[in-house]
Asks: 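A single structure is presented below for examination.
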Amino acid sequence: MVLLQLEKERLVWRARQVAGPDHRRQSSFYPTLDAHLQGGWPHSGLVELACGPAGIGELRLLLPLLAQAQSRLQVWINPPAELNGQALAQHGIDLSQTLLIRCQNPQQALWSAEQSLNSGCCSHLILWALRLTAPQAKRLQVSAKDNQALMFWLHSQAEPSTSALPVSARLSLAPVATGLRLQIYKYQGLWPQHPCQVDMHELWPSLATPGHSSPHHVPVLMNNIVALPSKLR
Amino acid sequence: MQWLYLYFPSLQLDSLLHQQAYNQACVLVHKNEVVQTNPEARQLGIKIGTGLAQAALLCAQLKVIAYEPKQEQRLLAQLAQRLYQTSATLYLDPPQGLLLQTSDMLRLYKGLAPYWQQLQQPLMERGLHYHYASAHSPLAAQVLARAGNDRLLTNQDEATRLLSQLPIHRAGLDHKLSLQLERLGLNTLGQAQALPRSALGQRLGQTLVTFLQQLETSSAPSWPAYQPPERFRQRLELLYEIEHSTALRFPLKRLLSDLEAFLAPRQLRAAGLSLGLEYQEHASERLHIGCSDGEYRAESWLALSMLRLEQLKLQAPIIAVSLKTKGQMPWAPLSAQLFEPPGGKLTAGQLISRLQSKLGDHAVQQVYLQDDHRPERSFYQGLPQSHYQSQQATRALRPSLLFTLPQALNHKPDHRWCILSGPERIQSGWWDNVSICRDYFIARNPIGQVCWLFRTPREEWFLHGYFS
């Protein structure tokens, strides 16, 4: 009887239910990833991405998603370097819907994130922050869910936070020649998953080697030297 | 024509006391003489005209404030601004009177009683003491109101009767003139009215004749009617000094609700507010609070202002607050989408204003493209929604994270690096003395970062960004 009640209130999740009405997804526009995650990113909530060093392709993982959803604002908080407008615009991101926030301290960054989510006019939020405590993560998670926004929390540790933070998904990223290797630690509505390889060759042919071809010929740096005009030397 | 006169015997004192709920004896003093009293002071026997020394004897804890004619005039104008929403034609009669033409308004309000009810409301909100009277001529209404008649008369005969019964010394005449009249044995206004005008003029001067004539003429006063100002500007003097910025909330709330009452009927929004803080013995300070979408609601402005004030450290106690609008624009309904935004509590502009109030204007930015081949100049950051986004993005592959200053590499990239593409030569900028000549490469370093490197003609290597 109690179990029935709990089930009615969706407090109990049965392994049989693969994707209930609460488990809507938005496509990541990477077919392998979508297949692996049964539809893609969560529709709303907080996603933790442990990236390790910046620049391994963590934004490339998100750019196709951001380029597709543009009816509301996309907020970037404290990126580790300047956001290159040219690169964003190249990938089809509407810069007029992009807001860049730089905060002096972590408290302000969290405050801005919460305000942006609660305003209801932000669809995606990307926050670079070192760490979140469980209450902070919970507040952001609730704000994101309530306002149907998807928030990515990126940090530079190689492993995701060990504490059981109340997030929708927790993944770690590692670079490979073909793109990224995703280790999935937690994903709401999914069983524990095997690591997943994201092939970025199709979208970024010059940045990633094709996944299923023979060992690629790597150009050697020495062969690429081009003589500069002599007066500049 | 029908006229209504409102007389505020203690306008400055009432406005001062109302905001701070002060309930001790308090008087306004001008040239060592009490000019305005509150009920508590009157109970103690302090009257208007009492000397300051005597008043201090009657009550040791008496609060004494200087009377400021200019401030009172400002208050009267503020009041007129508020009453203008109820009554179309009104005249300021400084220092303490307002004259309203009622006959035009009666059709709208369907009678004098509902009209009067509408008028009373703002007066009660402000906690003002007032006397009023209506009559057939502006001067008659004024004389009756100042005498404390407090009745709305629709009948001209009734007003005439009341006027004729009025003692001479309460008719508002010059002190010397009323003394002269009383010495002649004329104790009421009616007795003076009954005498032939020419004889009165010869004996007592033309002033009295004009006065008696004006009591009967119902035409509008000679000075121009009140015109509401185009822009909102208000100043609030504080009875207590405020030392913490958060305590400004209450005076500010009052100013902002007046702002809302100013903007809403005009269908306007304010794009920004200029908040003036006047310090004791210190130069006053002005804060600018902006809202890019424009806003008229007091509630939203209060939230924005408090965010700003929380960060402010007051240099000295504050004695007065003033508020004026900076840029007003017509109100346009928000074009909300029917299905899309589920929360939709704020618009993008409101969110930006809120963030800017707390973090400062330059913490919230948008990226704009620029037509330049030099990577660091091909985009810039500016205030959101301030520039027009027009440029097309370049075709060449660019990193999403770029360092403002390229970082020098200690070692030349060796065999452990994997060159993915390059070189791409960028040579530009000879026209503004920031010329560059660089060969750019895309390379993956040993830990897997996809870097954007360049080599200068001097064979120095720099890291300029990540293909994050």
Side-chain angles (χ1 to χ4, degrees), chain A residues 52-60 63 71-73 79-91 94-104 108 111-112 115-116 118-122 146-148 174-177 204 206-209 218-221 224-226 228-229 232-233, chain B residues 337 340-348 350-352 354-355 358-359 363-369 375 378-381 384-385 389 392-395 397-404 413 415 417-423 425 437 439 441-442 444 447-451 457-458 465-468:
Chain A
I56 57 170
E58 66 274 19
L59 289 184
R60 270 178 284 152
L63 283 176
S71 58
R72 291 187 280 158
L73 280 183
E82 298 301 318
L83 272 190
N84 188 345
Q86 296 283 357
L88 298 188
Q90 257 171 18
H91 298 122
D94 182 2
L95 292 179
S96 60
Q97 291 282 38
T98 304
L99 211 60
L100 175 62
I101 303 177
R102 294 229 173 251
C103 300
Q104 305 289 334
Q108 283 189 348
W111 179 85
S112 323
Q115 290 292 323
S116 309
N118 281 338
S119 72
C121 60
C122 159
D146 285 353
N147 294 287
Q148 309 208 5
V176 289
W204 281 275
S206 53
L207 299 184
T209 45
V218 181
V220 184
L221 185 55
N224 276 303
I225 289 180
V226 179
L228 285 159
L232 282 169
R233 285 188 191 228
Chain B
Q337 281 161 315
E340 254 307 306
K345 292 153 202 150
L346 297 179
T347 62
Q350 286 167 331
L351 171 67
I352 292 167
R354 182 172 288 192
L355 293 169
K358 169 100 174 177
L359 307 171
V364 186
Q365 304 208 296
Q366 215 162 49
V367 184
Y368 298 93
L369 299 184
S378 62
F379 66 96
Y380 62 97
Q381 291 168 1
Q385 302 171 352
Q389 192 72 266
Q392 281 285 318
T394 161
R395 285 281 185 78
L397 194 60
R398 290 285 174 261
S400 44
L401 293 179
L402 197 78
F403 298 117
T404 346
H415 66 278
W417 290 64
C418 169
I419 300 289
L420 298 170
S421 104
R425 177 158 302 169
C437 174
D439 279 346
F441 295 87
I442 300 171
R444 191 164 51 232
I447 55 169
Q449 293 168 303
V450 183
C451 308
R458 289 198 201 135
Y466 291 125
F467 288 86
S468 179

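Throughout, protein chains are lettered first and strands after them, A, B, ... in sequence-line order, and every chain is numbered starting at 1.
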Asks: So, taking the atom named CD in A:Gln97 and the one named CD in B:Gln366, what distance separates them when rounded to the nearest 0.5 Å?
Replies: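 Spacing of CD (A:Gln97) from CD (B:Gln366) equals 8.5 Å.
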
Asks: Please identify, among B:Pro375, B:Pro384, B:Pro399, the residue contributing the most non-hydrogen atom pairs under 4.5 Å to chain A.
Replies: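 The option with the most such pairs is B:Pro399.
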
Asks: Just verifying a value: how many Å separate A:Ile56 CD1 and B:Ile447 CD1, rounded to the nearest 0.5 Å?
Replies: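 CD1 of B:Ile447 is found 9.0 Å from CD1 of A:Ile56.
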
Asks: What part of A:Thr98 gets closer than 4.5 Å to chain B, counting heavy atoms only: side chain, backbone, both or neither?
Replies: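 Looking at A:Thr98, just its backbone touches chain B.
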
Asks: Output the distance between atom OG (A:Ser119) and atom CG (B:Leu346), rounded to the nearest 0.5 Å.
Replies: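 CG of B:Leu346 is found 5.5 Å from OG of A:Ser119.
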
Asks: Which one of A:Asn84, A:Asp94, A:Leu207, A:Leu73 has the most heavy-atom pairs closer than 4.5 Å to chain B?
Replies: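 Ranked by heavy-atom pairs under 4.5 Å with chain B, first place is A:Asn84.
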
Asks: For A:Gly85 and B:Leu369, which heavy atoms make the closest approach, and how far apart are they?
Replies: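 So the two residues come closest at C-CD2, 3.4 Å.
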
Asks: Give me the atom names and distance for the closest heavy-atom approach of B:Ala393 to A:Ala89.
Replies: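 B:Ala393 and A:Ala89 have their closest heavy atoms at CB-CB, 3.6 Å.
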
Asks: For a quick check under 3.5 Å, do B:Arg354 and A:Gln115 share a side-chain donor-acceptor pair by atom type?
Replies: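 Side-chain D/A pair, B:Arg354 to A:Gln115: present.
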
Asks: With no hydrogens and no angle check, just 3.5 Å: does a side-chain donor-acceptor pair link A:Glu58 and B:Ser468?
Replies: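 Looking only at side-chain atoms, B:Ser468 and A:Glu58 do form a donor-acceptor pair, the distance falling under 3.5 Å.
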
Asks: Between A:Leu59 and B:Ser400, is any pair of side-chain heavy atoms under 4.5 Å apart?
Replies: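 The answer is yes; the side chains approach within 4.5 Å.
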
Asks: Considering all heavy atoms of both residues, which atom of A:Leu100 and which atom of B:Gln381 are nearest to each other, and what is their separation?
Replies: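 Answer, listing the atom of A:Leu100 first, then B:Gln381: CD2-NE2, 3.2 Å.
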
Asks: Select one option (side chain, backbone, both, neither) describing which atoms of A:Ala177 are under 4.5 Å from chain B's heavy atoms.
Replies: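 Contact with chain B is through both the backbone and side chain of A:Ala177.
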
Asks: Between atom SG of A:Cys122 and atom CG of B:Leu351, what is the distance when rounded to the nearest 0.5 Å?
Replies: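 The SG atom of A:Cys122 sits 7.5 Å away from the CG atom of B:Leu351.
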
Asks: Have a look at A:Glu82 and tell me which of B:Phe403, B:Tyr380, B:Phe379 forms a side-chain contact (heavy atoms from CB on, under 4.5 Å) with it.
Replies: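 Option passing the side-chain contact (heavy atoms from CB on, under 4.5 Å) with A:Glu82: B:Phe379.
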
Asks: Between A:Arg60 and B:Val450, which heavy-atom pair has the shortest distance, and what is it?
Replies: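 Smallest interatomic distance, heavy atoms only, reads NH2-CG2, 3.3 Å.
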
Asks: Tell me every residue that passes salt bridge (Lys or Arg N to Asp or Glu O under 4.0 Å) with B:Arg398, counting only those two or more places apart in sequence or in another chain.
Replies: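 Testing B:Arg398 for salt bridge (Lys or Arg N to Asp or Glu O under 4.0 Å), a comparison that skips the adjacent residues, returns B:Glu424.
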
Asks: For the interface with chain B, which of A:Leu63, A:Leu99, A:Leu88 has the highest count of heavy-atom pairs at distances below 4.5 Å?
Replies: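 When all of A:Leu63, A:Leu99, A:Leu88 are compared, A:Leu99 has the most.
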
Asks: With a 4.5 Å heavy-atom cut-off, do B:Leu397 and A:Trp204 have their side chains touching?
Replies: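 Touching, per the 4.5 Å side-chain cut-off.
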
Asks: Give, as side chain, backbone, both or neither, the part of B:Arg444 having an atom under 4.5 angstrom from any heavy atom of chain A.
Replies: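 Side chain only.
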
Asks: Output all residues satisfying side chain to side chain contact (heavy atoms under 4.5 Å, CB included) with A:Ser112, sequence neighbours left out; order by chain, then residue number.
Replies: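 With sequence neighbours excluded, A:Ser112 shows a side chain to side chain contact (heavy atoms under 4.5 Å, CB included) to A:Ile77, A:Ile101, A:Cys103, B:Leu355, B:Leu359, given in chain and number order.
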
Asks: Given the options B:Ile352, B:Leu401, B:Ile442, B:Val364, which has more heavy-atom pairs under 4.5 Å with chain A than any of the others?
Replies: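 Most pairs with chain A among the choices: B:Leu401.
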
Asks: Distance from B:Tyr368 atom OH to A:Ser96 atom OG, nearest 0.5 Å?
Replies: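 Output value for this atom pair is 8.5 Å.
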
